[in-house]
Asker: 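Starting off with a structure, shown below.
Counting convention: from 1, in listed order, for ligands and their atoms alike. Given the structure is predicted, the values throughout are model-derived calculations rather than measurements.
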Amino acid sequence: MTTSNAALRSWVEEVAKLTRPEAIHWCDGSDAEYKSLVESMLTSGDLVALNQDTYPECYLHRSDPSDVARVEHLTFVCTPDKADAGPNNNWMSPDEAHEQMDELYAGCMRGRTMYVIPYCMGPIDSPYARCGVELSDSPYVAANMKLMTRMGKPALERIEREGKFVRGLHSTGELDPDRRFIMHFPEELLIQSYGSGYGGNALLGKKCHALRIASWQARQEGWLAEHMLIVEIESPEGEKHFIAAAFPSACGKTNLAMLIPPESLSGWKVRTIGDDIAWLHLDEDGQLRAVNPESGYFGVVPGTNAKTNRNAFDMIRHDAIFTNVAVTADNEPWWEDKGEGEPATDWRGRPFKADSGPAAHPNSRFTVSAKQNPSYSPLADDPKGVPISAIVFGGRRRELAPLVYQARDWQHGVLVGASVASETTAAATGKVGVTRRDPMAMKPFCGYNYGDYWRHWLSFAEKSDKLPQVFHVNWFRRGPQGEFLWPGFGENLRVLRWIIDRCEGRSGAQETPIGHLPRAADLDLDGLEIASETIEQLLSVDPDSWQAEFAHLEEYLQEFGSRVPEGLQAELEKTAAALRG
Ligand code: GTP
Ligand code: SPV
Ligand code: MN
């Protein structure tokens, strides 16, 4: 196979000359092709078959133990001017990065097959969708891209029609952490990744293209590329709302997008549009609309069980790739908080020992097609996207941030987004549980200077008077014993309900310096067993702690110097003054 697009043809030739693959395979995205990729990985040992009676077409991939998460310290944005990447990114000059990468790529695919993987991010016939081509020597990448994106022939045909695509070059290399880099060249619409086979480092359509490169393009073109789930909520009366929510990695997006209503709210219906990324555009009426560029999920496995997320639990019972989970004596996948079975072998394939850490890696993942989700919304394929009523930011904060609050207006909402901070998780290498600033949950993914990004966010107020309401949530407040104060998961619908009612002007709130908070009476807590003191605690704002938080935020914003927009600074000063009373 080849293509009528000359730029693609010559790029493939040029890369092959540099990397010297033994064979080149153009992916057509067919089911037969997926099957043969799986077969070849079963032969090579890249995949292990799980119990085919209880988990049909499910496979396990054990990655190199040094290669289990995103590597933020090895991820770079390579712009000619360092200030354009901003203090929020690692930077290298494009010349230096190219030289370094060319050296790594030289001959790196010898004896291997290079897969040419054309993909489309977004519904294939959507004006908002964008295409890319990933060249990779990993069959695991090719198989995952089939599950996660609209991959193959239709994508290539769109590229041939439009002539435009983002280029992504990936090689697994030696999996040596000292020879590992994830490079972005936004001005060349180019991504180069070497030395890792893990999700966000290697599946280049996802974080590299749909967030880092796309956020750069979105700023130039007047839209937003965000680390957001998109969820559809239908009331018992048939009223529909769509909410987009940005939480940092492993902070609850997949779970919220697949929520199952608690019994007392059983007339409500919740459907998933997306679980990780949203591309947001204003339509001709000034309505913000969202598409999910992906068509599959690369989700956190630990914690998934019949009570927390029944939809996901059922979804990963067939046709799924598991990465770095444990295995039971019956050859079923196993993970912490699965709620059934017990591990025989840990994620590294060693006999499980209770005293040598968790059986499944804390960042073990599943890959499945979105079509397998019992709560899948067909609107995920709507080329127009869905109209967004509310934007919700959130983080993992054991203290301080209340269960929910609402921003006063768009400008304040941008400050609320910019003030997101969260405890780090196993999704990226490094220490877990350290609170860090993570504006809009985009710290690892914003492909340009955060100062310019906040300015771009603020500019939407000039373009529309119908922007969504903005909120902040925190499902992760803890009590003295480290227990979660809020039950979370399905019960989060109670908070979404208040959010929707606020958008419709139907529910009450109290004004505080940080924004509008519900009183306990404003939340539907019917059928929920929770002490009233706990609710009070979840809905309290402590001025002293918030003053300290704002001092910290102000210090953080200073890192961005004159790139911080005046509107954001003014909003910060307004809240800080209100907190001082
Ligand atoms: P990425 O895929 O890394 O972007 O993560 P995500 O934001 O989609 O996170 P996900 O929904 O996979 O949740 C991560 C972890 O948080 C899982 O172990 C969940 O079980 C847990 N979690 C999700 N929602 C809640 C909640 O409402 N309360 C509590 N306590 N834990 C939650
Ligand atoms: C995240 O880390 O936010 C993920 C997983 O969604 S990855 O694809 O590795 O980025
Ligand atoms: Mn994510």
Asker: If you have a sec, work out which protein heavy atom is nearest atom 5 (O) of ligand 1 and how many Å separate them, to one decimal?
Answerer: Ala250 N, 2.7 Å
Asker: Run the numbers for me: atoms of ligand 1, each under 4.0 Å from some heavy atom of Pro302, listed by number.
Answerer: 17 (C), 18 (O)
Asker: Classify the side-chain pair Arg219/His456 by whether it contains a donor and acceptor separated by less than 3.5 Å.
Answerer: no
Asker: If we only count N/O pairs under 3.5 Å, is Gly299 in contact with ligand 1?
Answerer: no
Asker: Determine whether the aromatic ring centres of Tyr198 and Phe298 lie less than 6.0 Å apart.
Answerer: yes
Asker: Counting only nitrogen or oxygen atoms and a 3.5 angstrom limit, does Phe484 reach ligand 1?
Answerer: no
Asker: For ligand 1, find out whether one of its N or O atoms is nearer than 3.5 Å to an N or O atom of Cys251.
Answerer: yes
Asker: State the atom name: nearest N, O or S atom of His227 to the Mn ion (ligand 3).
Answerer: NE2
Asker: For Pro248, state whether at least one heavy atom is located under 4.0 Å from any atom of ligand 1.
Answerer: yes
Asker: Backbone, side chain, both or neither: what part of Phe476 comes under 4.0 angstrom of ligand 1, heavy atoms only?
Answerer: side chain
Asker: Does Thr308 have a heavy atom less than 4.0 Å from any atom of ligand 1?
Answerer: no
Asker: Is Asp381 salt-bridged to Arg150, going by a charged N under 4.0 Å from an acidic O?
Answerer: yes
Asker: Fit a plane to each ring of Tyr450 and Tyr453, take the angle between them on a 0 to 90° scale, and name the class: parallel (under 30°), tilted (30 to 60°) or perpendicular (over 60°).
Answerer: tilted
Asker: With respect to the Mn ion (ligand 3), what is the nearest N, O or S atom of Asp276?
Answerer: OD1
Asker: With rounding to the nearest 0.5 Å, note down the distance linking CD in Glu72 to CG in Asn201.
Answerer: 9.5 Å
Asker: Please tell me whether Asn309 and Thr304 have a donor and an acceptor in their side chains that are separated by less than 3.5 angstrom.
Answerer: no
Asker: Among Thr254, Ile316, Thr272, exactly one meets side chain to side chain contact (heavy atoms under 4.5 Å, CB included) together with Tyr297. Which residue is that?
Answerer: Thr272
Asker: Salt bridge between Arg494 and Asp526, side-chain N to carboxylate O under 4.0 Å?
Answerer: no
Asker: Given Tyr140, which partner from the list Thr367, Asp46, Thr323 fulfils the side-chain hydrogen bond (donor to acceptor under 3.5 Å, both in side chains) test?
Answerer: Thr323
Asker: Give the numbers and elements of all ligand 1 atoms closer than 4.0 Å to a heavy atom of Asn255.
Answerer: 10 (P), 11 (O), 12 (O), 13 (O), 19 (C), 23 (C), 24 (N)
Asker: Name the one of Ile391, Val392, Val420 that satisfies side chain to side chain contact (heavy atoms under 4.5 Å, CB included) with His472?
Answerer: Val420
Asker: Please indicate whether any nitrogen or oxygen in Trp475 is less than 3.5 Å from any nitrogen or oxygen in ligand 1.
Answerer: no
Asker: Can you list the atoms of ligand 1 that are under 4.0 Å from a heavy atom of Asp276?
Answerer: 4 (O)
Asker: Filter the ligand 2-protein atom pairs down to N or O on both sides and distance under 3.5 Å, then list them.
Answerer:
from: ligand 2; atom 1: 2 (O); to: Arg70; atom 2: NE; distance (Å): 2.9
from: ligand 2; atom 1: 2 (O); to: Arg70; atom 2: NH2; distance (Å): 3.2
from: ligand 2; atom 1: 2 (O); to: Ser249; atom 2: OG; distance (Å): 3.1
from: ligand 2; atom 1: 3 (O); to: Lys207; atom 2: NZ; distance (Å): 2.6
from: ligand 2; atom 1: 3 (O); to: His227; atom 2: NE2; distance (Å): 3.3
from: ligand 2; atom 1: 3 (O); to: Ser249; atom 2: OG; distance (Å): 2.5
from: ligand 2; atom 1: 6 (O); to: Lys207; atom 2: NZ; distance (Å): 2.7
from: ligand 2; atom 1: 6 (O); to: Asp276; atom 2: OD1; distance (Å): 3.4
from: ligand 2; atom 1: 6 (O); to: Asp276; atom 2: OD2; distance (Å): 3.4
from: ligand 2; atom 1: 8 (O); to: Gly200; atom 2: N; distance (Å): 3.3
from: ligand 2; atom 1: 9 (O); to: Tyr198; atom 2: OH; distance (Å): 3.0
from: ligand 2; atom 1: 9 (O); to: Gly200; atom 2: N; distance (Å): 2.9
from: ligand 2; atom 1: 10 (O); to: Arg70; atom 2: NE; distance (Å): 3.2
from: ligand 2; atom 1: 10 (O); to: Lys207; atom 2: NZ; distance (Å): 3.0

Asker: Go through ligand 1 atom by atom and flag the ones less than 4.0 Å from a non-hydrogen atom of Arg396.
Answerer: 15 (C), 16 (O)
Asker: Rounded to the nearest 0.5 Å, how far does CG of Asn363 lie from OG of Ser249?
Answerer: 8.5 Å
Asker: So how far is it from Ile230 CD1 to Lys253 NZ, rounded to the nearest 0.5 Å?
Answerer: 12.5 Å
Asker: Compute both the distance and the angle, then confirm whether Arg317 meets the cation-pi test with Tyr55: under 6.0 Å from the six-membered ring centre, within 45 degrees of the axis.
Answerer: yes
Asker: Nearest non-hydrogen contact with atom 2 (O) of ligand 1 belongs to which option: Lys253, Glu483, Arg365?
Answerer: Arg365
Asker: N/O/S atom of Lys253 under 2.8 Å from the Mn ion (ligand 3), yes or no?
Answerer: no
Asker: Considering Phe366, Phe489, Phe445, which one's heavy-atom position lies nearest to atom 27 (O) of ligand 1?
Answerer: Phe489
Asker: Would you check the N or O atoms of Gly252, main chain and side chain alike, for any that come under 3.5 Å of an N or O of ligand 1?
Answerer: yes
Asker: Of all the heavy-atom pairs spanning Tyr194 and Met101, show the shortest one and how long it is.
Answerer: CB-CE, 3.8 Å
Asker: Short N/O distance, under 3.5 Å, between Lys207 and ligand 1?
Answerer: no
Asker: Kindly give the heavy-atom pair with the smallest separation between Val291 and Gly385, and that separation in Å.
Answerer: CG1-CA, 3.5 Å
Asker: At under 4.0 Å between heavy atoms, is it the side chain or the backbone of Asn492 that contacts ligand 1, or both, or neither?
Answerer: side chain
Asker: Output the distance between atom CE (Met258) and atom CG (Asp275), rounded to the nearest 0.5 Å.
Answerer: 8.0 Å
Asker: Relative to the heavy atoms of His227, which atoms of ligand 1 are at a distance of less than 4.0 Å?
Answerer: 4 (O)
